[in-house]
There are 2 protein chains.
Amino acid sequence: MAKRAPSNRIGISDVAAKAGVSLATVSRVMNGNQSVDPKIAARVQSAAAELKYQPNPIGRNLARGKTETIGVVVPDLGNPTFQTVLRGVSRAAAQDGYRVLIADSSEVSSEEAILAGEARRRCDGVVLCAPRMSAAELEELAPSLQPMVLVNRTTNVPNSPSVMIDYGKGIQDLAGHLADLGHTRIAYVAGPASSASNALRLVGLEKFSRTHPHIEVVHLRNGSTFEDGYESANDVLSSGATGILAFNDLTAMGLLSSLNERGIRVPEDISVTGFDDIPFARYTTPPLTTAAAPIMEAGEQAWAQMRELLFGNAITEAVRVFEPHIVVRGSTGVPHGKDSTAES
Amino acid sequence: MAKRAPSNRIGISDVAAKAGVSLATVSRVMNGNQSVDPKIAARVQSAAAELKYQPNPIGRNLARGKTETIGVVVPDLGNPTFQTVLRGVSRAAAQDGYRVLIADSSEVSSEEAILAGEARRRCDGVVLCAPRMSAAELEELAPSLQPMVLVNRTTNVPNSPSVMIDYGKGIQDLAGHLADLGHTRIAYVAGPASSASNALRLVGLEKFSRTHPHIEVVHLRNGSTFEDGYESANDVLSSGATGILAFNDLTAMGLLSSLNERGIRVPEDISVTGFDDIPFARYTTPPLTTAAAPIMEAGEQAWAQMRELLFGNAITEAVRVFEPHIVVRGSTGVPHGKDSTAES
DNA sequence: ATTTATTGAGAAAGCGTTTTCTCAATCTGT
DNA sequence: ACAGATTGAGAAAACGCTTTCTCAATAAAT
């Protein structure tokens, strides 16, 4: 791009001309550099104001070698979890004057690495949500993405902090809640096998079983949608469990719906819990006991980690863990036959 | 930024050196310029590949005067509507190799104009969702934002296309559906007064009343949340209407919940409709009759409009309107006393 | 075989800033 | 008053590319 187009946009040189100073001085004034005579500074300021001069960020980016923008890579912008992470990151970053570029791989995981790389080149750093990416691929990719922070997974690549939701702890707490109520046979209606957060729940249940040997935990395969939950009813009933841990709120609602149609009372006959505390969880009949994951906070912390990487002195190597907190509503209660809560 | 930091990142000059050609040639090869000897091109390609050279988009942006990025300004990233618009824009733009920078004003409407301007300077164009901005302010802002496309509002500033959801048509169709079922007294439980889409619904109802003079339409003030819907039950019942048009699915669900508690049967005693067709609308009891707004399509079309502005030959001045389509489920039926549908 | 058209690649001028370098002018201390 | 320390502003180099300009080397035409 050479001498074409007289570039109507007004630039730093226009201001310099109007104020009768050099480009360098204008730049200094615009950046609040102190080493400039207040008188001249004022002259530049007013010239800039009169011309409504706005520095061109692109030129600035090149000169400074940074964009004040970070990329957020998500596998699916339609997924409420990632929407919320995105929102948390965006809000927190905005506080520090940073913007967010989105890279939605639309579930095409083969594109993920490329997309992340492109985003990284345009930005000062990347927040990566890539639950399905293999550990090996991540390990290879991570160094080229730094500064990078991971969401809901970790890697042992140096200088790659993470924020995590402790799904294992959440499911443990829910199981504990059912145990406290007196349930002795609990069923976990699992999510998709490929889901990383499902794996974390399984680890949590493992731990639960070890600390509660007298409680039977049966595992049922299932999915993550309302329909999956609906269709799990047969398995649930034949499992003989009185307390059901659904994979998430959606499947819990599906299950609730099916149980309701069959005339099975919740929580009198069967207790049901969800996970996530989506907005509608409180409006089901009965309102759903669930574990609320502080996803937005996680997003905000992802920015905090990124900020550490960008301007931090200390070498951050942290994994910040967020624990879901359970919210008890009407879908859980004392199992049939018992008539008093048994607090542990 | 002068001679500091030997800039470890490999650049175009490294490739040029390795391939034994000039920078210009490397650039030409990287951009698929035909006027380069295939032999040399191959040499450059392999040099680039060996060095894993990736062009720096920032330098490229400056040289080309464009970023292949568009900004999407939304008033609240937590609002499902804007999330969906964002997703639609992002997906469609990605098809053409464009990325999206998000600018969330977090409901601070005083910041909206500034944010939009900043986004514009970093991007090649802006998709603006600013339902609350005054027409005057928009008119003043619009020229400085172009190329710009508006979502769910219009302006008479030249070259400022829009995509719109026709909320008026949607509510008319829902009212028409109730009329067809035989309802003669219909209540509209309005949304927030400040809401632009509420205003559009009112206009639609106006039109409906004109074409259906024999049907009474009463207006009730209300809000946009589940709770608002729940609390509207008294007004609804005392209105004497048998068909209720709730502002949206959320308020409809609140109303449904309250009616259910009072033992009022839906749709036998009262028919209820929502608006939006949120994912849970199909899972209420009874499943909710509602109007589905094709928001994601609108987002996709917003990109289509933007593309026209960016590379289009014709001067686009279009307003693209998307009509909601009603989806009839179990929450509407023939009013008490009638026993057959009366098709119009 | 000589002139003209064509292809192809290098040199260099941007793109709009920031920042280093440089040097004149003003200030300090004695 | 004079050498040395400061302050302050302009000139120019960078940032990493793209693209025009220019010109040598071929191919085509007479």
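For the numbers below, each heavy atom of this structure counts, side chains included, while hydrogens, waters and symmetry mates do not. Below, read A as the first sequence line, B as the second, and so on, with proteins coming before strands; counting in each chain starts at 1.
With rounding to whole Å, B:R64 atom CZ is found 12 Å from D:dC17 atom P. Put simply, NZ on B:K66 is 18 Å from C1' on C:dG16, counting in whole angstrom units. For the pair B:R9 CZ and D:dG16 C1', the computed distance is 9 Å after rounding to whole Å. The distance between atom CG of A:D14 and atom P of C:dT17, rounded to the nearest whole Å, is 9 Å. Atom P of nucleotide C:dG16 and atom CD1 of B:I58 are separated by 16 Å, given to the nearest angstrom. Atom CE in A:M30 sits roughly 13 Å away from atom C1' in C:dG16 (whole-Å rounding). Here the P atom of nucleotide D:dG16 and the CZ atom of A:R122 are 16 Å apart, to the nearest Å. To the nearest angstrom, C1' of D:dA13 lies 13 Å from CG of A:L23.
In the set D:dT19, D:dC17, D:dG10, D:dC17 carries the atom at the smallest distance from any side-chain atom of B:I12. Across D:dG16, C:dG10, C:dA9, the shortest atom-to-atom separation from the side chain of A:L62 is found for D:dG16. Minimum atom distance to the side chain of B:N31 is reached by D:dT18, of the listed D:dA9, D:dT18, C:dA11. Distance from the side chain of B:A63 is smallest to D:dC17 among D:dC17, C:dA9, C:dT19. Among the nucleotides D:dG10, D:dC17, C:dT17, the one closest to the side chain of A:A24 is D:dG10. For B:I40, the listed nucleotide lying nearest its side chain is C:dA9; candidates were C:dG10, C:dT19, C:dA9. Side-chain atoms of B:N56 lie closest to D:dC17 of the nucleotides C:dG16, D:dC17, C:dA9.
Using a 4.0 Å cut-off between a side-chain N of Lys or Arg and a carboxylate O of Asp or Glu, A:R91 and B:D104 do not qualify as a salt bridge.
The shortest distance between the side-chain N/O atoms of B:R60 and the OP1/OP2 oxygens of D:dT18 is below 4.0 Å. For A:Y53 and C:dG16, the shortest distance from a side-chain N or O to OP1 or OP2 is not below 4.0 Å. For B:T25, a side-chain nitrogen or oxygen approaches OP1 or OP2 of C:dG10 to under 4.0 Å.
Nucleic acid contact class of A:P57 (heavy atoms, under 4.0 Å, all strands): none.
For D:dG10, the base has a donor-acceptor partner in the side chain of A:R28 [N/O atoms by modelled type, under 3.5 angstrom].
Between B:R9 and B:P55 the shortest heavy-atom distance is NH2-C, 4.4 Å. A:N152 and A:I165 get closest at one heavy-atom pair: OD1-N, 2.8 Å.
When only modelled atom types and interatomic distance are considered, A:D124 and A:T67 share a side-chain donor-acceptor pair under 3.5 Å.
A perpendicular orientation is assigned to the rings of A:F311 and A:W303, their planes being inclined by more than 60° (bins at 30° and 60°).
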